Amino acid sequence: MPELPEVESVRRSLVRARLSAEIRSVWRSEHALRTGTHWQDERLGLLRGATPLRWQRRGKHLLWRLRDREGDELGLLVHLGMTGRLEVAHRGEPRATHTHVELRLGDDRRLRFVDARRFGGVRARPWATLLAEPPLHELGPEPLDRSFDGAHLQAAAGASQRALRDVLLDQRVVAGVGNIYAVEALFVARLHPLLPAARLRPEAWARLAAAVREVIAQGLANGGTTLRDYVDAEGNAGRNQGALWVYGRAGEPCRVCGTPLRRFELGGRGGVLCPHDQAKPRGRAR
DNA sequence: ACGGTCTCCTGCTCGC
DNA sequence: TGCGAGCAGGAGACCG
């Protein structure tokens, strides 16, 4: 489900929960999460006896940093996929359907990972290993970091024939952008989502980078976008859905020019654009 | 190396 | 009201 603003909102809600007691036990459902990939994790048992240090985030990944009884640092990596969520429960609260992992803490609270579609995943590793392995090791810059700008985007994707929308979804180019914010950023930058990256002019790359920053920062300020399932660890929905320019608004008038917005499809994943403000250039580079 | 397509799952919404 | 189709915010695997 979630992209950077949603994952960061979850992280903040987890910080507010102040989970500091030692992990007493680890339970998991029989259902595998992300079978056949490096997400398949049989090592959650590492967490037993570990003490939480802090919650971090990288792109769409949540990282729980812990210290085991020997004093070594461990990490729990959580990816929420499309429908995943974390929740903090007290003793006696029943597990929601599709709960796949439950960590019981020394204060009798539980941290649960719930994911209907099972596109999400969790894994535990020594901290240094976690950072050095996929999927974290080759993530691109955070969109709100100083290193993310037009020059970076151009260097990372300027020679690519891929459509701009797909370039923004590539986590190696920029970490944390998903379909909603990619589609929103392209509107803000007034660029056509299907335009091949190699046809972009240098000044347009700067505009696109600024637009990505803008929509991500706004999503963050609004606590994330809830179109369906997304809630943070306290069960709160986001408030950014009312602020979207185009996503989910196909057929409705453009907020800038009034032209009816149009749905597009690329690689089986849809999006929305304004045919007037995001006109596709013919022949010439933009 | 690159880019396009398929696939993993469940649940919700929409149209008939 | 019931039912099938289509769609969903992700990303790894596979194929040409």
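Chain A is the first sequence line, chain B the second, and so forth, proteins listed ahead of strands; every chain is numbered from 1. Model, not experiment: these values are computed from the prediction.
- Atom CG in A/Leu168 sits roughly 16 Å away from atom C1' in C/dA11 (whole-Å rounding).
- Look at CG on A/Leu80: it is 18 Å from P on B/dT10, rounded to the nearest Å.
- Pairs of residues two or more places apart, or lying in two chains, that qualify as salt bridge (Lys or Arg N to Asp or Glu O under 4.0 Å) and include a residue from residues 172-187 of chain A are A/Asp170-A/Arg172.
- Annotation: salt bridge (charged side-chain N to carboxylate O under 4.0 Å, His left out) contacts of A/Arg146 (sequence neighbours excluded): none.
- By the salt bridge (charged side-chain N to carboxylate O under 4.0 Å, His left out) test, A/Arg95 is found to be paired with A/Glu102, residues two or more places apart in sequence or in another chain being considered.
- One atom, CD1 of A/Ile180, and another, P of C/dA11, lie 13 Å apart when rounded to the nearest Å.
- At whole-Å resolution of the value, CG in A/Asn179 and P in C/dA11 are 11 Å apart.
- Contacts between residues 236-256 of chain A and DNA chain B, counted as heavy-atom distances below 4.0 Å, involve no residue at all.
- Under the ring pair (Phe, Tyr, Trp, His ring centres under 6.0 Å) criterion, A/Tyr247 pairs with no residue at all, not counting sequence neighbours.
- Residue A/Arg269 contributes atom CZ, which lies 8 Å from atom P of C/dA11 at whole-angstrom precision.
- By the neighbour-count criterion of 12 heavy atoms within 6.0 Å, atom CZ of A/Arg18 is sparsely surrounded, having that number or fewer from other residues, nucleotides or ligands.
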Tabulated below should be each protein N or O lying under 3.5 Å from an N or O of nucleotides 1-5 of chain B; please produce it.
residue : atom : partner  : partner atom : Å
B/dG3   : OP1  : A/Ser160 : OG           : 2.9
B/dG3   : OP1  : A/Gln161 : N            : 2.7

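- Taking only distance into account, the side chain of A/Arg118 never meets the base of B/dC9 through a donor-acceptor pair shorter than 3.5 Å.
- Distance noted for atom P between C/dG9 and B/dC14: 16 Å (whole Å).
- Not one side-chain nitrogen or oxygen of A/Lys60 sits closer than 4.0 Å to the OP1 or OP2 atom of C/dG9.
- Per the geometry, CG belonging to A/Asp115 stands 18 Å off P belonging to C/dA8, to the nearest Å.
- Residue A/Arg263 is classed as a sugar-phosphate contact, given heavy-atom separations below 4.0 Å to backbone atoms only.
- For A/Asn179 (side chain) and A/Gly270 (main-chain N/O), a donor-acceptor pair under 3.5 Å exists by modelled atom type.
- Looking at A/Arg58, its side chain never comes within 3.5 Å of a backbone N or O of A/Gly176 through a donor-acceptor pair.
- Across the P atoms, C/dC14 and B/dC9 are found 15 Å apart, a figure rounded to whole Å.
- Residues passing the ring pair (Phe, Tyr, Trp, His ring centres under 6.0 Å) test with A/Trp64, sequence neighbours excluded: A/Trp55.
- The interatomic distance linking A/Arg58 (CZ) with C/dA11 (P) rounds to 13 Å, in whole Å.
- For A/Arg28 (side chain) and A/Glu30 (main-chain N/O), no donor-acceptor pair under 3.5 Å exists by modelled atom type.
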What does the 5'-to-3' dot-bracket notation of DNA chain B look like when only Watson-Crick and G-U wobble pairs under 3.5 Å count, and pairs to other strands show as |? .|||||||.|||||||
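- Considering only residues two or more places apart in sequence or on other chains, A/Glu138 meets the salt bridge (charged side-chain N to carboxylate O under 4.0 Å, His left out) condition with none of them.
- Residues forming a salt bridge (charged side-chain N to carboxylate O under 4.0 Å, His left out) with A/Arg12 (at least two apart in sequence, or on another chain): A/Glu8.
- The separation of B/dT5 from C/dC7, taken at their P atoms, amounts to 16 Å, rounded to a whole angstrom.
- Separating the P atom of C/dA11 from that of B/dC12 is a span of 23 Å, rounded to the nearest Å.
- Out of B/dC8, C/dG9, C/dC7, the shortest distance to the side chain of A/Phe119 is found at B/dC8.
- Distance CD (A/Glu265) to C1' (B/dC6): 14 Å, rounded to an integer number of Å.
- The listed nucleotides are C/dA11, C/dG9, B/dT10; the one nearest the side chain of A/Arg117 is B/dT10.
- Under the 4.5 Å side-chain heavy-atom criterion for grouping Ile, Leu, Val, Met, Phe, Trp and Tyr, A/Val173 is connected to A/Leu144 within one hydrophobic cluster.
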Distances under 3.5 Å between nitrogen or oxygen atoms of protein and nucleotides 11-15 of chain B:
residue : atom : partner  : partner atom : Å
B/dG11  : OP1  : A/His98  : NE2          : 2.6
B/dG11  : N2   : A/Arg228 : NH1          : 3.4

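- Here A/His79 does not reach the OP1 or OP2 of C/dG10: none of its side-chain N or O atoms lies under 4.0 Å away.
- Using a distance-only test at 3.5 Å, with no hydrogens or angles considered, a donor-acceptor pair links the side chain of A/Ser13 to the main chain of A/Ala233.
- Note on A/Leu111 and A/Trp27: separate hydrophobic clusters, where clusters join Ile, Leu, Val, Met, Phe, Trp and Tyr whose side-chain heavy atoms are under 4.5 Å apart, directly or indirectly.
- Partners of A/Arg249 under the side chain to side chain donor-acceptor pair (under 3.5 Å) rule, at least two apart in sequence or in another chain, are A/Glu252.
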